[in-house]
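The structure under discussion appears below in the form of structure tokens.
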Amino acid sequence: MSPGGKSAKNRYKGEGVISGSPEKVWECLKPVPNGMRVKWDNNVKRFELVEQITEHISICRTVTPSAAMGIIAPRDFVDVILIKQYEDGTISSNATNVSHPSCPPQSGYVRGFNHPCGCICVPISGEPNKTQVFSFFQTDLGGFLPRSVVDSFFPSSMAEFYSNLAKAVKSLKDL
């Protein structure tokens with residue numbers, strides 16, 4: 001159950017192969033203030049660091065722009081994020097909703113809630129300049145959106161995510 005007792009029914013999983021090393025792909029994906037992601041991901045307007053807990057764990061506020069021709073108002077999400085790098089070169093960003101006293105709901109934004117979600121960059125054996133990217137999320141956008149609006153927004157948004165990520169990685173100089 002999501003906050004407020006509503007059930008967020010739809011879970012989404014995306015998968016794609018991106019031309020670029022896991023390091024380049026991660027450079028575009030990592031959820032940090034003033035990072036590359038706010039430049040190419042149309043669903044991320046801003047990342048704000050609320051608290052750095054450890055080197056790999058932080059609490060961030062993500063601000064999204066309005067979407068679906070203004071039908072979906074700007075949202076904000078507060079998540080605890082774990083970033084982990086594995087011995088095989090896999091890099092993952094894992095997050096879930098959290099409340100934080102220094103980041104209450106703010107005027108002008110509908111507070112959304114992320115159920116456990118993340119992105120995983122996996123090296124492709126024998127192909128150092130290709131990365132398999134998995135993304136998964138289950139988001140309660142909050143507010144009073146018709147289910148049909150939400151259901152039509154996420155699939156097209158995910159396709160755009162992978163297309164824009166591929167372009168962002170291609171635009172990077174070699175790391």
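Count residues from 1 along the sequence.
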State, to 0.1 Å, how close Ser135 and Tyr162 come at their nearest heavy-atom pair, and which atoms those are. OG-OH, 3.0 Å
Is the ring pair Phe137/Tyr12 parallel, tilted or perpendicular, if the boundaries are 30 and 60 degrees? parallel
Would you say Gln52's side chain and Thr54's backbone share a donor-acceptor pair under 3.5 angstrom? yes
So NZ of Lys30 and CD of Glu23: to nearest 0.5 Å the spacing works out to 11.0 Å
Over 12 foreign heavy atoms within 6.0 Å of CG, Asn34: no
Is there a side-chain contact between Ile59 and Ile53, using heavy atoms and a 4.5 Å cut-off? yes
When you compare the side chain of Asn97 with that of His115, does any pair of heavy atoms fall below 4.5 Å? no
What distance separates Leu165 CG from Met36 CE, expressed to the nearest 0.5 Å? 9.0 Å
Applying side chain to side chain contact (heavy atoms under 4.5 Å, CB included), run through Phe47 and Val38 and close with a yes or a no. CA-CA 8 Å; Phe47 280 117; Val38 297; 4.1 Å; yes
Are any non-hydrogen side-chain atoms of Pro31 and Cys60 less than 4.5 angstrom apart? no
Quick one: does Thr90's side chain get under 4.5 Å of Trp26's, heavy atoms only? no
Under a 4.5 Å side-chain heavy-atom rule over Ile, Leu, Val, Met, Phe, Trp and Tyr, are Ile57 and Val78 clustered together? yes
If we ignore angles and hydrogens, is there a donor and acceptor under 3.5 Å between the side chains of Asn42 and Glu160? yes
Hydrophobic cluster identity match, Ile81 and Val98, side-chain contacts under 4.5 Å: no
Has Trp40 got a side-chain atom pairing as donor or acceptor with Lys167's backbone, closer than 3.5 angstrom? no
Could you measure the distance from the OG atom of Ser19 to the NZ atom of Lys130? Nearest 0.5 Å is fine. 5.5 Å
Any side-chain heavy-atom pair of Cys121 and Leu29 under 4.5 Å: yes
Heavy-atom distance under 4.5 Å between the side chains of Arg61 and Arg46, does that happen here? yes
Path from Phe136 to Ile83 over hydrophobic side-chain contacts below 4.5 Å: no
Check each of Val122, Val133, Thr131 against Pro22 using the side-chain contact (heavy atoms from CB on, under 4.5 Å) test, and report the only one that passes. Thr131
Is Ile18 linked to Phe161 within one hydrophobic cluster, defined over Ile, Leu, Val, Met, Phe, Trp and Tyr using a side-chain heavy-atom separation of less than 4.5 Å? yes
Would the distance check show the side chain of Tyr109 and the main-chain N or O of Val63 forming a donor-acceptor pair, the cut-off being under 3.5 Å? no
Is it true that Asp79 and Asn114 share a donor-acceptor pair across their side chains at a distance under 3.5 Å? yes
Minimum heavy-atom separation for Val169 to Gly20, with atom names? CG1-CA, 3.9 Å
Side-chain contact test, heavy atoms from C-beta onward, threshold under 4.5 Å: evaluate it for Leu172 versus Cys28 and give yes or no. yes
Any chance you could measure Asp76, atom CG, to Cys103, atom SG, to the nearest 0.5 Å? 6.5 Å
Answer yes or no for Arg75 and Phe113: cation-pi contact, defined as NZ/CZ to six-membered ring centre under 6.0 Å and angle to ring axis within 45°. no
Output, in order, the C-alpha distance, side-chain angles, deciding distance and verdict of side chain to side chain contact (heavy atoms under 4.5 Å, CB included) for Asn164 and Asp41. CA-CA 7 Å; Asn164 289 347; Asp41 188 339; over 6 Å; no
Any chance the side chains of His100 and Ser102 put a donor and an acceptor closer than 3.5 Å? yes
Quick one, Lys45 and Thr64 - any side-chain contact, counting heavy atoms below 4.5 Å? no
Which distance, rounded to the nearest 0.5 Å, do you find between the CD of Glu15 and the CD1 of Ile120? 10.5 Å
Is a side-chain donor or acceptor of Arg111 paired with a backbone partner of Pro104 at a separation under 3.5 angstrom? yes
